[in-house]
Number of protein chains: 2
Amino acid sequence: MSVGDTEKSTSDRGRLDKRRAIVEAALRVFARVGYAQASLDLIAAEAGVAKPTIYNHLGSKENLFRHVMTETAARANGKTMEVLESFPGEADGLRPGLEDVAGKLVACYTDEQSQAVRRLLYAEAVRFPDLFDQVRASGPDQFIEALAGRLARLANAGHLRIEDPVRAANQFIALVYEELPTLSTFGSRPLDQKDAEKVAVAGVDTFLRAFGSSGGS
Amino acid sequence: MSVGDTEKSTSDRGRLDKRRAIVEAALRVFARVGYAQASLDLIAAEAGVAKPTIYNHLGSKENLFRHVMTETAARANGKTMEVLESFPGEADGLRPGLEDVAGKLVACYTDEQSQAVRRLLYAEAVRFPDLFDQVRASGPDQFIEALAGRLARLANAGHLRIEDPVRAANQFIALVYEELPTLSTFGSRPLDQKDAEKVAVAGVDTFLRAFGSSGGS
DNA sequence: GTGAAAATGAACTGGTGAGTTCAATTACCT
DNA sequence: AGGTAATTGAACTCACCAGTTCATTTTCAC
């Protein structure tokens, strides 16, 4: 867990950005073959680096995996949170605003790295339960809270009829993501963006049928 | 259950339903430690069986895994399909009828073996993509079709307003399952049945707000 | 340049696990 | 009782891989 030891104090000497190359290659290899099947020799080769260098930088396979997961998840979560900045604040085009947000969320969800992290976390939830909790707490949990806040504001202004904003937020993403995991075989397969868009729009439609205050469009 | 009495003594040697004991033990071990970490020695010990016996019956670790997955999934899928037999046919208590179905579906979904299979399929989707497809085609895909048929009948009788029954079926289960995977950490953690019930009822409520033709209740 | 930290590659250790072999044992059938 | 097939335990082969060691080379700071 000695995470802070990779600062500019010492590791900026010698060859640079080896560390980044290692982490990026590790994500690719882990995503491709899974944790158990990913040998450090393979990761080293893919990163263009010698095996001992990996240990110099990251100590062990487990530590490498933890770093790869947390760093990639943090990046993906950041992008997802950014989507909320374009969330419709007033009733000015509520439906197109929600469709826009839904489309962007689908794009984040189906991002290659995002799917890889999700699949790996799921796959290794038994071996790294703490990692699972950590990533979820810093990602989805916070996102749902933020989305619930936005929905509550709209409801308060009379643009939506919502009693439980957190539940509504969960149902919103449930409707928008709907069968995404199924369509993409849980991320192990490319996904047709057209299909994903349709699912998102249909999800927004159903959401507004249930929670919209006026005619909708 | 039937495996707890298999001691290592010389009592129950010879030909019994070793095969069943092996498959059951293998499911438990796979679910507990994952595919890669499950050694055949461990499975043999847990099944109260010698290692060569496993090879006599099932040939290889991969083949054993495939059998365990398909057989367990078939059983779980069967139970899920049975739920549809109690699907409300007329408008007689549409809401309580749907809530009843939703509750039963949640029970199937959160069944221990069902979750174990789902988690393992997800975890090993990269290594066994064909297995993933096979199980999904014989399970969820058929179920969605059947559910869509029931919904279409209700819509045809004027009890629901549904344009796309398959989409409505997908959204129904999306709403009903909602955050089940999150709540149970994708099945690697026990789940409070009370919470699951609430989610299911809320899902039905939202579904009827969106698709109900009359006041609802 | 020079020197020290970092990187390299190649060989090595230790452990684990899949799959096999085989002689001895056990259960079931007639 | 006798024969046959399944079962058993134990030892074995073979391969893979995490992690280490070390002598050598590269990179960069000064």
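Just so we're clear, the structure is a prediction, and the values are computed from it rather than from any experiment. To find a chain, count down the sequence lines: A is the first, B the second, and so on, and within it residues start at 1.
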Quick one, B:Leu154 with B:Phe87, criterion side-chain contact (heavy atoms from CB on, under 4.5 Å). Give me CA distance, side-chain angles, the key distance, then yes/no. CA-CA 10 Å; B:Leu154 283 176; B:Phe87 196 87; 3.5 Å; yes

Quick test of your reading of the model: are B:Asp205 and B:Lys198 salt-bridged, counting only N-O distances below 4.0 Å? no

Once you round it to whole Å, what is the distance between P of C:dT16 and CD of A:Gln37? 18 Å

Roughly, in whole Å, what's the span from CG in B:Asn63 to C1' in C:dG19? 14 Å

Interatomic distance, B:Arg19 CZ vs D:dA5 P [rounded to whole Å]: 21 Å

Please work out whether the ring planes of B:Tyr109 and B:Tyr177 are parallel, tilted or perpendicular, with thresholds of 30° and 60°. tilted

Side chain of A:Tyr55 only, please: which of D:dT20, C:dG19, C:dA7 is the nearest? D:dT20

Under 6.0 Å between ring centres, would you say that holds for A:Tyr35 and A:Phe128? yes

Whole angstrom is fine here: how far is it from CG in A:Asn56 over to C1' in C:dA7? 8 Å

Going by an N to O cut-off under 4.0 Å, is there a salt bridge joining A:Glu124 and A:Arg127? yes

Using only side-chain N and O atoms of A:Thr53, determine if any of them is under 4.0 Å from OP1 or OP2 of C:dA7. no

How is A:Ala38 classified with respect to the nucleic acid when contacts are heavy atoms under 4.0 Å: base, sugar-phosphate, or nothing? sugar-phosphate

Where the side chain of B:Leu40 is concerned, which of C:dA7, C:dG19, D:dG9 is the nearest nucleotide? C:dG19

Does the distance from a Lys or Arg side-chain N to an Asp or Glu carboxylate O, for A:Glu71 and A:Arg75, drop under 4.0 Å? no

Assess whether a salt bridge exists between B:Glu112 and B:Arg28, defined as any Lys/Arg side-chain N lying under 4.0 Å from an Asp/Glu carboxylate O. no

Nearest whole Å is fine: how far is C:dA18 C1' from B:Tyr35 OH? 10 Å

Taken to the nearest whole Å, CD1/A:Ile54 to P/C:dA6 is 17 Å

Rounded to whole angstroms, how far apart are CD1 on B:Ile43 and C1' on C:dG19? 14 Å

Which angle, rounded to 10°, do you find between the first-five-pair axis and the last-five-pair axis of the helix from C:dG1-D:dC30 to C:dT30-D:dA1? 30°

Of the listed C:dG19, D:dA18, C:dA7, the closest approach to the B:Lys51 side chain comes from C:dG19

side-chain N/O B:His57 vs D:dA6 OP1/OP2, d < 4.0 Å: no

Euclidean distance, atom CG of residue B:Leu42 to atom C1' of C:dG17 [Å, nearest integer]: 12 Å

Result for 5'-nearest mapping on DNA chain D, choosing between A:Asp41 and B:Pro52, is B:Pro52

